[in-house]
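One structure is given here, and the rest of the page talks about it.
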Amino acid sequence: MTENAPSFGLLLFPNVTQLDLTGPYEVLARVPGAQVHLLWKTLDPVRSDTGLTILPTATLADAPPLDLLLVPGGGGINALLTDEEVLTFLAERASGTRYLSGICTGSLVLGAAGLLEGKRAGTHWASRDFLAAFGATPVAERVVVDGTLFTGGGVTAGIDVALRIVAELFGEPAAKLIQLSIEYDPKPPFDAGSPEAAGEGVTADLLARMRPMLDTRAAAVTAGAEALRHRRSGRAD
C-alpha cells in the first residue's frame, strides 16, 4: 500500500443498493493509480436491490492489503448482520486498513462487526436509531468523521464520503479535481432530501411504505447485536 498506488476495497453483496457502491466507486476509481476491488465471497455475479448485476473482482479470502475498506448499504445488509464470514473478515481487516467507511446502512454492518463501539456514526435517517444497538452514537449529518472512520447518510451521501476520504489521503485539491471531473454540482429539482425539508406529510407517507422493511431490519439488528455480545463474551472467556 502506497500513496501513489492506493488499494480500495468495497464490499459487494446480494441486494446491495448500487449507488451506495457505485457512487464511491466512481470517485475512488479516479484517484491516479488506484486499485479498486469489489469484494464478495465468490466471483459470481451479484444482483443489486434494483436488479443491476455487478461482478466481484476478488473474493474475501483473496482480498489484497487495503488502504480503505468500505461497506455500502441496502436491503441485503440484514443478512450480513449475523453473517460470521463477512463480520470476521471486516473485524480482522479493520485493524490493517488506514480508513474504514460505512455508506448508508452499511454502517450497521460495521457495528455488527464490533467496529462502532464508542464511535460517532451516521447512516440513512430511517435507520439512524439502530446504530445505538452496536454502541455507536448516532449523528444526523451527511458525512460523519470519527478518527479514521468515515460514515455517511443515505445512498447519495456515498459520493460525499468518498470525496472526503480522497481529501484525507491526498489533500483537498486532489478531491476537488475529482469532484470537477464528475461535475458533482447537485441542484435537485425539489428540496425534499431530508425529513426536515420534505415535511411531515411526505415523511409519514414514506415511513408507512417502509414500515415492513424497517420492522424486518429492527429484528435483524436485534439478532446482530445479540450475536456480537455472544462473540465478545466468548473472547472474554
Side-chain angles (χ1 to χ4, degrees), residues 1-14 16 18 20-46 54-74 76-77 80-81 83-104 106-119 121 134 136 143-152 158-175 177-178 228 231 235:
M1 295 184 292
T2 70
E3 292 190 352
N4 293 324
S7 179
F8 304 129
L10 282 60
L11 186 69
L12 177 60
F13 53 88
V16 66
Q18 64 86 12
D20 285 2
L21 177 79
T22 57
Y25 184 99
E26 187 66 35
V27 172
L28 297 170
R30 290 174 181 266
V31 173
Q35 299 176 6
V36 186
H37 309 278
L38 299 180
L39 310 173
W40 184 231
K41 297 176 182 180
T42 72
L43 296 179
D44 296 333
V46 174
I54 306 172
L55 289 175
T57 60
T59 65
L60 300 182
D62 295 331
L66 301 169
D67 291 291
L68 166 70
L69 180 54
L70 181 148
V71 182
I77 69 106
L80 300 186
L81 297 181
D83 188 316
E84 288 296 326
E85 182 178 354
V86 170
L87 298 177
T88 297
F89 170 80
L90 294 175
E92 291 179 348
R93 284 305 191 97
S95 62
T97 61
R98 295 176 64 179
Y99 299 102
L100 194 64
S101 180
I103 307 302
C104 193
S107 297
L108 298 177
V109 183
L110 296 180
L115 300 172
L116 295 187
E117 184 71 35
K119 298 286 189 177
F134 301 111
V143 180
V144 182
V145 182
D146 190 330
T148 58
L149 172 69
F150 289 72
T151 54
I159 298 173
D160 301 61
V161 173
L163 287 168
R164 287 287 297 274
I165 292 170
V166 171
E168 183 73 16
L169 276 168
F170 303 107
E172 193 172 297
L177 282 173
I178 292 175
L228 177 60
R231 290 197 304 276
R235 288 196 296 268

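Residue numbers run from 1 in the order of the sequence given. Values below: every heavy atom of this structure, side chains too, minus hydrogens, waters and symmetry copies.
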Would you indicate whether the side-chain heavy atoms of [Y] and [X] approach each other to under 4.5 Å?
X      : Y      : value
Val161 : Ile165 : yes
Leu149 : Leu116 : yes
Pro56  : Val46  : yes
Asp83  : Phe13  : no

Enter the distance from [X]:[atom1] to [Y]:[atom2] here, rounded to the nearest 0.5 Å.
X      : Y      : atom1 : atom2 : value
Asp62  : His37  : CG    : NE2   : 11.5 Å
Ile159 : Ile178 : CD1   : CD1   : 12.0 Å
Leu38  : Thr59  : CG    : OG1   : 12.5 Å
Phe89  : Leu11  : CZ    : CG    : 7.5 Å
Leu69  : Leu39  : CG    : CG    : 7.0 Å
Phe150 : Leu163 : CZ    : CG    : 11.5 Å

Report task. Decide yes or no on side chain to side chain contact (heavy atoms under 4.5 Å, CB included) for Phe8 and Leu10, but give the supporting numbers first. Result -> CA-CA 7 Å; Phe8 304 129; Leu10 282 60; 4.3 Å; yes

Please report the closest heavy-atom contact between [X] and [Y], naming both atoms and the distance.
X      : Y      : result
Pro72  : Asp20  : CB-CB, 3.5 Å
Ala121 : Ala136 : CB-CB, 4.4 Å
Ala29  : Val36  : CA-CG2, 3.8 Å
Pro14  : Trp40  : CD-CZ2, 3.4 Å
Phe170 : Pro6   : CZ-CG, 3.7 Å
Pro45  : Leu55  : CG-CD2, 3.6 Å

Report task. Quick one: do Val86 and Lys41 satisfy side chain to side chain contact (heavy atoms under 4.5 Å, CB included)? Show the steps, please. Result -> CA-CA 8 Å; Val86 170; Lys41 297 176 182 180; 3.8 Å; yes

Report task. For side chain to side chain contact (heavy atoms under 4.5 Å, CB included), just list the numbers for Leu87 and Leu80, CA-CA rounded to whole Å, side-chain angles, deciding distance to a tenth of an Å, and then say yes or no. Result -> CA-CA 7 Å; Leu87 298 177; Leu80 300 186; 5.6 Å; no

Report task. Answer yes when Glu168 and Arg164 have at least one side-chain N-carboxylate O distance shorter than 4.0 Å, and no when they do not. Result ->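 Judged by the 4.0 Å cut-off on N to carboxylate O distance, Glu168 and Arg164 do not form a salt bridge.
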
Query raised in the report: Should Tyr99 and Leu70 be marked as a side chain to side chain contact (heavy atoms under 4.5 Å, CB included) after you check the CA-CA gap, both sets of side-chain angles, and the distance that decides it?
Result: CA-CA 8 Å; Tyr99 299 102; Leu70 181 148; over 6 Å; no

**Report entry** Reference residue Leu68; test side-chain contact (heavy atoms from CB on, under 4.5 Å); the match among Leu100, Leu28, Thr97, Thr148
**Finding:** Leu28

